[in-house]
Student: 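Input: one structure, supplied below.
No experiment lies behind these values; they were computed from the predicted model shown. Throughout, residue positions are numbered sequentially from 1 according to the sequence presented.
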Amino acid sequence: IYGGQLEWMKYLLDNHLHYQNPDNGWMPGHVLPAYVNYSYQWMCQPFVIQGAAVYVRMSKDLKWLERVYPALRNYLKFWCAERQVKDNLFCWWGENGFDNDVSTAFFQPRTVAAVSTSSFLYMEHSAMSFIASLLKKDKDSEIFMRKSEDIKREINERMWFEKLSCYANIDIRTEAPVFSLGLESN
């Protein structure tokens, strides 16, 4: 954490969690002093739980973690409900910009499973397992670890293309690899 200022990470996380929709776990992607973007397309990207894990690992602030744990679970639940497209793979939807994954930008929403998003959700579930274990929520920890392993397996089995020697996004309708600007590669 920059300059050893652990509180900054905590403040960033608290700021996003403050604006979370308690009904479904959604959090805004933009929280500025004069503006909060409440568009469901522009949501907070999947790094929140990893940030919380880093903060708690360094600060040992279990009291804060206990307070935000339900909101972190709710945030992960949102990603699984709204961005999981098929068999533990995930998509960008409105969030896809040139900074995320341009190859998904020219397809219909929820038709391309993205390696990046799926990998981030693997890491979010792994981080949530770690967080749950710190709080002695062993059942939750096991559930999140199992989900992270399921995501990892799907990424390795369905998104690795031996012939191409790389991972690729996939069109979930055809299982074809997707590399750029809406063009499919066979």
Student: I'd like to check the side chain to side chain contact (heavy atoms under 4.5 Å, CB included) partners of A52; sequence neighbours left out, ordered by chain and number.
Tutor: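 Testing A52 for side chain to side chain contact (heavy atoms under 4.5 Å, CB included), a comparison that skips the adjacent residues, returns L13, W64, L72, I131.
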Student: Which heavy atom of F78 sits nearest a heavy atom of N24, and at what distance?
Tutor: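 That closest heavy-atom pairing would be CB-O, 3.2 Å.
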Student: At what distance, to the nearest 0.5 angstrom, does CD of E124 lie from OG of S148?
Tutor: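 These two atoms lie 11.5 Å from each other.
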Student: Is the closest basic N to carboxylate O distance between K152 and E157 below 4.0 Å?
Tutor: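 No, no charged N to carboxylate O under 4.0 Å.
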Student: Following the transitive rule for hydrophobic clusters with a side-chain heavy-atom cut-off under 4.5 Å over Ile, Leu, Val, Met, Phe, Trp and Tyr, establish whether F90 and I143 coincide in one cluster.
Tutor: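 No, because F90 and I143 fall into different hydrophobic clusters, even though each may have its own neighbours under 4.5 Å.
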Student: For R146, is there an ion pair with E149 - N to carboxylate O distance below 4.0 angstrom?
Tutor: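 No.
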Student: Can you spot which of R158, E154, K147 makes a side-chain hydrogen bond (donor to acceptor under 3.5 Å, both in side chains) with N88?
Tutor: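 Passing option: K147.
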Student: Membership question, hydrophobic clusters at under 4.5 Å side-chain separation (ILVMFWY): are L76 and V54 in the same one?
Tutor: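 Yes, because V54 and L76 connect within a single hydrophobic cluster, where side-chain heavy atoms sit under 4.5 Å apart.
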Student: Should R110 and E82 count as an ion pair when the cut-off is N to O under 4.0 Å?
Tutor: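 Yes, this pair counts.
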Student: Drop me the distance from N21's CG to N74's CG, to the nearest 0.5 angstrom.
Tutor: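 Reported value, rounded in 0.5 Å steps: 8.0 Å.
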Student: Below 4.0 angstrom, N of the basic side chain to O of the carboxylate: do D87 and R153 qualify?
Tutor: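 Between R153 and D87 there is no salt bridge, as every charged N stays at least 4.0 Å from the carboxylate O atoms.
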Student: Just one of N15, V56, D61 clears the side chain to side chain contact (heavy atoms under 4.5 Å, CB included) bar with K10, so which one?
Tutor: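 Checked N15, V56, D61 against K10; only one passes side chain to side chain contact (heavy atoms under 4.5 Å, CB included): D61.
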Student: Is the CZ atom of F47 crowded by more than 12 outside heavy atoms at less than 6.0 Å?
Tutor: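 Yes, the 6.0 Å shell around CZ holds more than 12 heavy atoms from other groups.
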Student: About how many Å separate CD of Q20 and CG of D14, when rounded to the nearest 0.5 Å?
Tutor: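 Going from CG on D14 over to CD on Q20, the span is 11.5 Å.
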Student: To the nearest 0.5 Å, what is the distance between OG on S116 and CE on M159?
Tutor: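 Output value for this atom pair is 8.0 Å.
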Student: May I have the step-by-step check of side chain to side chain contact (heavy atoms under 4.5 Å, CB included) for M27 and Y75, ending in yes or no?
Tutor: CA-CA 7 Å; M27 281 190 283; Y75 172 69; 3.0 Å; yes
Student: Between Y55 and M9, what is the shortest heavy-atom contact and its length?
Tutor: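 Shortest heavy-atom separation between Y55 and M9 comes out as CB-CG, 3.7 Å.
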Student: Any sub-3.5 Å donor-acceptor pair from H125's side-chain atoms to M145's backbone N or O?
Tutor: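 Side chain of H125 to backbone of M145, a donor-acceptor pair under 3.5 Å: no, none is there.
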Student: What residues form a side chain to side chain contact (heavy atoms under 4.5 Å, CB included) with R57, not counting sequence neighbours?
Tutor: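 F130.
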Student: Atom CD1 in I155, atom OG in S119: separation rounded to 0.5 Å?
Tutor: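 Result: 4.0 Å between the selected atoms.
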Student: From I172 CD1 over to I170 CD1, what is the distance, rounded to the nearest 0.5 angstrom?
Tutor: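 That separation rounds to 8.0 Å.
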Student: Given salt bridge (charged side-chain N to carboxylate O under 4.0 Å, His left out), test K137 with E66 step by step and report yes or no.
Tutor: CA-CA 11 Å; K137 296 178 184 294; E66 188 71 50; 3.7 Å; yes
Student: Which heavy atom of P46 sits nearest a heavy atom of L121, and at what distance?
Tutor: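 So the two residues come closest at CB-CD2, 3.6 Å.
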Student: Determine whether M123 and I49 satisfy the following criterion, side chain to side chain contact (heavy atoms under 4.5 Å, CB included), listing intermediate values before the conclusion.
Tutor: CA-CA 9 Å; M123 295 185 321; I49 299 167; over 6 Å; no
Student: What are the two closest heavy atoms between A132 and S141, and how far apart are they?
Tutor: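 Answer, listing the atom of A132 first, then S141: CB-N, 3.6 Å.
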Student: Holding to side chain to side chain contact (heavy atoms under 4.5 Å, CB included), I want the full list of residues that pass it with C166, two or more places apart in sequence or in another chain.
Tutor: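 C166: side chain to side chain contact (heavy atoms under 4.5 Å, CB included) contacts with L164, F179.
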Student: Between the side chain of S126 and the main-chain N/O of Y122, is any donor-acceptor distance below 3.5 Å?
Tutor: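 A pair under 3.5 Å: yes.
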Student: So which atom in L17 and which in A71 form the shortest heavy-atom distance, rounded to 0.1 Å?
Tutor: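 Shortest heavy-atom contact: CD2-CB, 3.8 Å.
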Student: Would you check if T117 and C91 make a side-chain contact, meaning some heavy-atom pair closer than 4.5 Å?
Tutor: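 A side-chain contact under 4.5 Å is absent here.
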